[in-house]
Amino acid sequence: MGGFIGWNSSLKTVLKDCHVLEGTTLTDKSGRVESNNGNYGGLIGFGDMDEAVLEITGCSAAADIDGGVSAYNSTFIGCVGYASTTKITDSYATGKVFSKTGNYTAGLLGSVGKNASVTITGCHFTGDVEATGGYVGGLIGGTQGKVTMTKSYTEGTVTGIGAYVGGLIGASMNDNVNISNCFSTSKIHARGQQCGGLVGTTTNKLTMTCCYASGDVYSGTSGAAGLVGRVQKSSSIT
């Protein structure tokens, strides 16, 4: 379900200067009881198909999302996956996103699949993200794919009952995650472990350069930090 496109299944899609206007709401009323299905996005619900190319430039979404028990929720794109390439440039999202039980909830992009490649340049999210699950982020909930993020930021609050909560990314799970010239002023609140002002947790190499966070960070258990809740492998923060 999406404010502009529900499921983008074209091999190449280009969106330029497209906007979902303030006052838009997307609400899950399906009555489902499982959190392993469903994609809710203020702009696009499900972002791609195998080997698809999705290019988004100068777009915005001002939406309030209540994905209920959906697995992927965001005020911009719910999920991208497969062996796809997504580029988001000079775009932003604002509003509120809520997930009752699902993981992968974020302001800009709920989930990046294992073989996907995402580039985010000059983007931001201002608003509130809240999930009773984990993998919660201001820009990306969780990424198993390649991500390059630059000149982007978040403002507002990011709250997760579960683990892995971050101002930019909740969980970074790929060796090829590179973040540069980004910041977050979001307040981070997690009842679970591993939350950070920028990244909640890394399970593989993370490269981060010229970034900062200035929001309060709170964890009800352990692993809370100003920048990264947990660092693993040969990560580099400069």
Side-chain angles (χ1 to χ4, degrees), residues 3 19-26 40-43 56-67 73-78 88-99 104-112 118-131 134-143 147-161 164-172 177 179-190 194-201 208-219 224-229 237:
H19 307 278
V20 176
L21 302 182
E22 187 176 359
T24 299
T25 61
L26 282 76
Y40 280 71
L43 188 75
I56 300 172
T57 304
C59 297
S60 69
D64 291 340
I65 311 296
D66 183 351
N73 302 276
S74 169
T75 54
F76 204 73
I77 302 176
I88 308 173
T89 307
D90 298 332
S91 299
Y92 70 90
T94 183
K96 298 179 180 179
V97 56
F98 172 76
S99 175
Y104 301 106
T105 305
L108 198 72
L109 183 49
S111 174
V112 179
V118 173
T119 301
I120 298 172
T121 306
C123 298
H124 67 269
F125 168 74
T126 57
D128 300 320
V129 180
E130 181 181 355
Y135 301 91
V136 187
L139 291 183
I140 298 176
T143 175
V147 170
T148 301
M149 181 189 300
T150 185
K151 297 180 180 178
S152 300
Y153 69 91
T154 65
E155 297 177 344
T157 63
V158 182
T159 303
I161 301 301
Y164 319 135
V165 182
L168 296 178
I169 300 176
S172 170
V177 175
I179 305 172
S180 63
N181 298 296
C182 296
F183 71 90
S184 174
T185 64
S186 296
K187 294 182 178 179
I188 312 302
H189 188 283
Q194 297 167 26
C195 63
L198 295 179
V199 178
T201 187
M208 189 159 58
T209 307
C210 297
C211 298
Y212 74 88
S214 63
D216 295 337
V217 179
Y218 170 82
S219 170
L227 294 181
V228 183
I237 302 174

With sequence neighbours left out, write down each residue that passes side-chain hydrogen bond (donor to acceptor under 3.5 Å, both in side chains) with [X], or none if nothing qualifies.
X	value
Thr154	Ser184, Ser186
Thr126	Thr94
Asp128	Thr157
Thr150	Ser180

Heavy-atom donor-acceptor pair, [X] side chain to [Y] backbone, under 3.5 Å:
X	Y	answer
Asp64	Lys96	yes
Thr89	Thr57	no
Ser91	Ile88	no

*Pick out which of Val165, Val136, Val129, Thr159 makes a side chain to side chain contact (heavy atoms under 4.5 Å, CB included) with Ile188.*
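The single option meeting the side chain to side chain contact (heavy atoms under 4.5 Å, CB included) with Ile188 is Val165.
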Distance (rounded to the nearest 0.5 Å) between [X] [atom1] and [Y] [atom2]:
X	Y	atom1	atom2	value
Asn73	Thr105	CG	OG1	4.5 Å
Leu109	Ile77	CG	CD1	5.5 Å
Ile120	Thr148	CD1	OG1	9.5 Å
His124	Leu139	NE2	CG	10.0 Å
Ile140	Leu168	CD1	CG	8.5 Å

Return the set of residues passing side-chain contact (heavy atoms from CB on, under 4.5 Å) with [X] (not counting sequence neighbours), or none when no residue passes.
X	answer
Ser60	His19, Tyr92
Asp216	Lys187
Ala171	Tyr135, Tyr164, Met173, Thr201
Ala224	Cys195, Val217, Ser219

*For the pair Ile169 and Ile179, evaluate side chain to side chain contact (heavy atoms under 4.5 Å, CB included) and give the outcome as yes or no after the intermediate values.*
CA-CA 10 Å; Ile169 300 176; Ile179 305 172; 3.8 Å; yes
*asked:* Please enumerate all residues that pass ring pair (Phe, Tyr, Trp, His ring centres under 6.0 Å) together with Tyr40, with sequence neighbours excluded.
replied: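 Testing Tyr40 for ring pair (Phe, Tyr, Trp, His ring centres under 6.0 Å), a comparison that skips the adjacent residues, returns none.
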For a 4.5 angstrom cut-off between non-hydrogen side-chain atoms, does [X] reach [Y]?
X	Y	value
Asp90	Thr121	no
Val177	Val199	no
Leu108	Cys123	yes

*asked:* Pair Glu130, Ile161 - check side chain to side chain contact (heavy atoms under 4.5 Å, CB included), show working.
replied: CA-CA 8 Å; Glu130 181 181 355; Ile161 301 301; over 6 Å; no
Could you report the tightest heavy-atom contact between [X] and [Y], atom names first, then the distance?
X	Y	answer
Gly110	Tyr104	O-CB, 3.6 Å
Ser152	Gly122	OG-N, 3.5 Å
Phe125	Gly138	CD2-O, 3.5 Å

*Does the pair Phe183 and Leu198 meet the rule for a side chain to side chain contact (heavy atoms under 4.5 Å, CB included), with working shown?*
CA-CA 7 Å; Phe183 71 90; Leu198 295 179; 5.6 Å; no
